[in-house]
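Quick note: numbers below take in every heavy atom, side chains included, and nothing from hydrogens, waters or symmetry partners. The first residue of the sequence shown is numbered 1, and numbering continues consecutively from there. For clarity, every value in this text was computed on a predicted model and none was experimentally measured.
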Amino acid sequence: MKNKVFISVISSAVIAFAMTGCSNPSQVTAAASPSYSQAGIHTGFKDNFMIGTALSADAILEKNHSTLNLVKREFNAVTAENVMKWELIHPKPNVYDFKAPDRLVDFAEQNNLFLVGHTLVWHHQRPDWIFENRNGSKVSREILLNRMEEHINTVAGRYQNRIDAWDVVNEALNDDGSLRESLWYEIIGEDYIEQAFIMAAKAAPKAKLYYNDYNLFEPAKREGAIKLIKNLQEKGIRIDGIGLQGHYGLYYPDLNQLENSIKAFAELDIDIFISELDITVLPLPNGENQGADISLDIKIEDKLNPYPNQLPSVVQAKLAERYQEIFAVFNKYKSSINRVTLWGISDANTWRNDWPVKGRTDYPLLFDRAMNKKSFVASLPLAE
Ligand code: G3I
């Protein structure tokens with residue numbers, strides 16, 4: 001019965017959506033139910049999981065607070081999109097910039113939002129000096145471990161009772177499940193992940209400690225992550241959860257693969273959450289690049305940017321349907337999933353506009369470019 005209601009709700013939403021002809025992103029207006037719209041997206045999921053968003057520096061530091069007002073109405077969890085990454089929070093030795101991070105922590109605290117610090121150890125968005133001696137040669141394992149510890153103590157330690165969870169290590173795996181040969185790996189060795197979790201547990205004993213990565217629906221990568229987590233658990237090193245990033249498209253991931261990953265991670269007795277959800281409607285160059293490998297930089301071509309002014313209503317409807325079916329999977333595993341975080345607020349400021357091709361117009365989030373909630377959002381929580 002429930003399924004029938006669900007299918008009918010989806011079909012009506014999708015048909016209504018397609019029939020409006022409302023294809024200009026700025027014309028896609030608020031959700032159908034005014035009370036739901038006022039109550040915020042997270043209230044619709046209150047029995048399932050938290051609903052979060054990622055905040056940019058602009059949003060955090062915005063003078064008129066209109067974005068922050070929307071965030072506290074619509075979401076009950078927030079993640080630092082960039083401002084806590086090493087490159088920004090610790091750009092030079094002994095130089096830290098806590099302006100935006102402090103504001104974010106205050107904002108989350110004042111509004112009772114679950115706050116995720118992102119991220120302590122990552123191969124990307126970090127300054128080169130971390131790995132270099134004064135003469136440019138690579139530092140020793142011991143020096144790099146000291147730098148890692150000083151960074152984690154200073155950053156995670158500063159917010160130790162105020163940040164609820166840290167993405168301690170980000171994207172340490174290749175798509176085949178092997179360890180990425182980052183400078184962390186090359187200089188310290190494969191125990192750099194263990195060391196980071198040990199240091200984070202000391203610096204922020206009350207924060208949840210997470211591993212975060214993309215493409216974890218792929219069986220080989222899933223197995224690599226399971227191995228990584230089990231290794232920590234067998235050594236008695238605390239790891240509290242795994243973030244499945246969720247940078248998806250209209251035709252990937254395969255939903256059975258996604259379900260299989262959720263089920264497999266649930267057996268490890270840790271938190272599972274979707275940490276960076278967005279759904280691109282744009283074509284993938286060469287049909288590849290399903291993940292978030294930021295080293296890719298492909299030149300723009302018209303055929304790769306088919307909707308520069310507006311999204312055709314048929315594609316809007318497909319996006320609505322895709323969000324519905326993906327949330328149906330999350331809702332099915334609500335007892336295992338504790339949070340679903342969208343990677344950004346609106347289509348205007350998503351990283352998807354610049355990856356894997358710079359300067360495109362994408363439509364991957366729940367709010368359009370005019371900050372209006374997309375109409376299909378209202379029916380997402382009904383999916384069971
Ligand atoms: O801060 C500079 C600013 O000073 C300058 O004016 C501007 C000009 O382009 O660039 C700004 O830096 C950009 C930064 O975002 C802040 O907007 C960088 O160029 C840009 O590369 C950076 O992109 C971020 C990306 O991580 C970097 O890899 C995205 O915003 C952010 O959404 C994205 O997030 C990652 C997660 O952390 C990990 N998982 C994948 C996800 C998507 O790539």
Side-chain angles (χ1 to χ4, degrees), residues 10 13-14 17-18 22-23 25 28 31 41 44-45 49 51-54 74-75 79 81 212-218 243-259 261-262 273-285 287-293 304-308 310-333 337 339-357 360-369 371-383:
I10 293 182
V14 170
F17 204 59
C22 185
S23 54
V28 180
I41 301 170
F45 292 94
F49 30 69
I51 296 285
T53 188
E74 301 289 344
F75 301 96
T79 303
E81 183 178 2
N212 189 48
D213 212 329
Y214 60 84
N215 283 357
L216 289 175
F217 56 86
E218 298 277 8
L244 285 62
Q245 289 189 2
H247 296 298
Y248 299 151
L250 293 180
Y251 304 102
Y252 64 90
D254 174 278
L255 296 182
N256 289 324
Q257 288 190 339
L258 177 60
E259 281 203 46
S261 282
I262 295 168
F273 48 93
I274 312 304
S275 55
E276 306 184 8
L277 180 62
D278 48 30
I279 301 178
T280 182
V281 300
L282 298 182
L284 294 171
E288 293 166 356
N289 314 326
Q290 295 186 358
D293 183 348
L304 293 177
N305 189 29
Y307 320 121
Q310 60 181 38
L311 193 61
S313 45
V314 66
V315 187
Q316 291 259 39
K318 180 66 197 159
L319 178 67
E321 190 182 0
R322 187 68 175 147
Y323 259 110
Q324 292 284 359
E325 61 191 19
I326 284 175
F327 265 94
V329 173
F330 299 158
N331 288 335
K332 182 173 172 188
Y333 292 96
I337 293 175
R339 170 169 54 94
V340 175
T341 288
L342 279 296
W343 201 240
I345 303 166
S346 85
D347 294 342
N349 299 109
T350 164
W351 75 292
R352 288 289 205 171
N353 291 325
D354 289 310
W355 188 93
V357 182
R360 297 200 294 182
T361 306
D362 206 346
Y363 303 79
L365 292 168
L366 300 185
F367 288 80
D368 66 24
R369 285 175 164 73
M371 297 297 256
N372 291 314
K373 198 186 293 182
K374 296 182 183 177
S375 53
F376 64 82
V377 178
S379 52
L380 290 176
L382 299 177

For a quick test of reading the model, state the closest non-hydrogen atom pair linking [X] to [Y] and the distance between them.
X	Y	value
Leu216	Asp213	CD1-O, 3.7 Å
Gly344	Thr53	O-OG1, 2.9 Å
Phe330	Phe49	O-CE2, 3.5 Å
Thr361	Asn305	N-OD1, 3.0 Å
Pro306	Leu282	CD-CD2, 3.9 Å
Tyr323	Pro364	OH-O, 2.6 Å

Handout entry: Non-neighbouring partners of Phe75 that pass ring-ring contact (aromatic ring centres under 6.0 Å, His included), sequence neighbours left out
Key =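 Checked Phe75 against ring-ring contact (aromatic ring centres under 6.0 Å, His included); zero matches.
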
Problem - Phe367: partners by ring-ring contact (aromatic ring centres under 6.0 Å, His included), with sequence neighbours left out - result: none

Qualifying residues under side-chain hydrogen bond (donor to acceptor under 3.5 Å, both in side chains), relative to [X], sequence neighbours excluded:
X	result
Thr341	Arg339
Tyr333	Glu259
Asn353	Arg369
Thr280	Asp362

Supply the atom-to-atom distance [X] [atom1] to [Y] [atom2], rounded to the nearest 0.5 angstrom.
X	Y	atom1	atom2	value
Ile279	Leu250	CD1	CG	7.5 Å
Leu366	Leu342	CG	CG	4.0 Å
Met371	Glu74	CE	CD	10.0 Å
Arg352	Asp354	CZ	CG	12.0 Å
Glu218	Ser261	CD	OG	9.0 Å
Thr79	Glu276	OG1	CD	8.0 Å

Handout entry: Verdict with supporting geometry, Lys374 and Leu319, side-chain contact (heavy atoms from CB on, under 4.5 Å)
Key = CA-CA 10 Å; Lys374 296 182 183 177; Leu319 178 67; 4.0 Å; yes

Exercise for the section: Kindly determine whether Gln245 and Asn215 satisfy side chain to side chain donor-acceptor pair (under 3.5 Å), including the steps that lead there. Expected result: CA-CA 7 Å; Gln245 289 189 2; Asn215 283 357; over 6 Å; no

Flag the pair [X] / [Y] as yes when at least one side-chain heavy-atom distance between them is below 4.5 Å, and no otherwise.
X	Y	result
Ile345	Leu365	no
Tyr248	Ile326	yes
Val357	Pro285	yes

Problem - Check: Asp347 main-chain N/O paired with Thr350 side-chain donor or acceptor under 3.5 Å - result: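 Not a single qualifying donor-acceptor pair exists.
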
Handout entry: Phe45 and Phe327 aromatic ring geometry - parallel, tilted or perpendicular at 30°/60° bounds
Key = tilted

Handout entry: Ring geometry between Trp351 and His247 (parallel below 30°, tilted from 30 to 60°, perpendicular above 60°)
Key =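 Rings of His247 and Trp351: perpendicular, over 60°.
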
